[in-house]
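Below is one structure, written out as structure tokens, with a few remarks after it.
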Amino acid sequence: MRSVTYSMNVSLDGYIVGPDGRFDWSEPDDDVFRFWTDEIRDVGVHLLGRRLYETMLYWETADQDPSLDAATLEWAALWKPLPKVVFSTSLPAVQGNARLAYGGPAQEIERWRAEPGEGEIAIGGATLAAEVAAAGLIDEYRAMVYPVLVGGGIPFFPRHERRVDLELVETRTFGSGVVYLRHRVAR
């Protein structure tokens with residue numbers, strides 16, 4: 001069965017976006033960027049909230065920029081054909097290899113798990129992840145922790161009253177001080 005993973009960059013104080021709406025502090029260095037490129041190879045479908053979808057729209061045409069280096073073009077070549085499901089009540093349409101969600105996240109995850117195919121079901125966006133987590137559907141939390149305190153904003157972890165026990169699966173420290181933490185939900 002396909003696993004459901006939630007991966008995002010996060011400040012040390014737990015936010016994916018600061019109180020000013022910015023996330024420029026999470027610009028990846030070359031090593032972190034290569035790591036994310038390797039991670040996306042294992043994804044079969046990416047479920048995104050509207051804000052993350054709009055942020056990632058750049059990658060739908062990035063391959064047309066002749067100034068990009070080989071690593072950036074490789075990411076674009078992996079991202080662009082990846083099936084994406086966007087959860088939004090305000091977008092009338094989406095672009096590229098994306099579609100608007102037909103139902104809620106639980107129904108989409110159930111549908112993707114029932115279909116033949118490989119690859120993880122990746123969740124992107126804190127609001128969407130909170131809904132999926134509340135339904136107990138996240139199998140792994142993957143945090144790329146940046147050495148910065150932003151003081152507030154949109155939290156990586158959902159704020160709810162449910163305890164979730166985790167097992168540490170993997171860690172990696174990058175030369176830039178960024179630390180990758182991968183935890184599996186203990187079931």
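Sequential numbering from 1 along the given sequence is applied to the chain's residues.
Note: R111 CZ to Y102 OH = 6.5 Å, rounded to the nearest 0.5 Å. Taking CG from L149 and CG from D13, the interatomic distance works out to 4.5 Å, rounded to the nearest 0.5 Å.
Residues Y15 and F23 keep their aromatic ring centres 6.0 Å or farther apart. Taking the six-membered ring for Trp and the full ring otherwise, the centers of F35 and Y180 sit less than 6.0 Å from each other.
Within the 4.5 Å cutoff, the side chain of Q95 has heavy atoms near those of the Y53 side chain. At a threshold of 4.5 Å between non-hydrogen side-chain atoms, the residues L128 and L47 count as touching. Within the 4.5 Å cutoff, no side-chain heavy atoms of L48 are placed close to those of V85. For the pair F87 and R50, the minimum side-chain heavy-atom distance is 4.5 Å or more.
A distance-only check finds a donor-acceptor pair linking the side chain of Q107 to the backbone of G104 [under 3.5 Å].
Ion pairing of E167 with R182 is absent here, as no side-chain N (NZ or NE/NH1/NH2) approaches a carboxylate O to less than 4.0 Å.
No hydrogens or angles considered: nothing links the side chains of D63 and W75 as a donor-acceptor pair under 3.5 Å.
Using the six-membered ring where Trp is involved, W25 and Y146 have ring planes that are perpendicular, over 60° apart on the 30 and 60° scheme.
Heavy atoms of other residues, nucleotides or ligands lying less than 6.0 angstrom from CZ of R22 number 12 at most.
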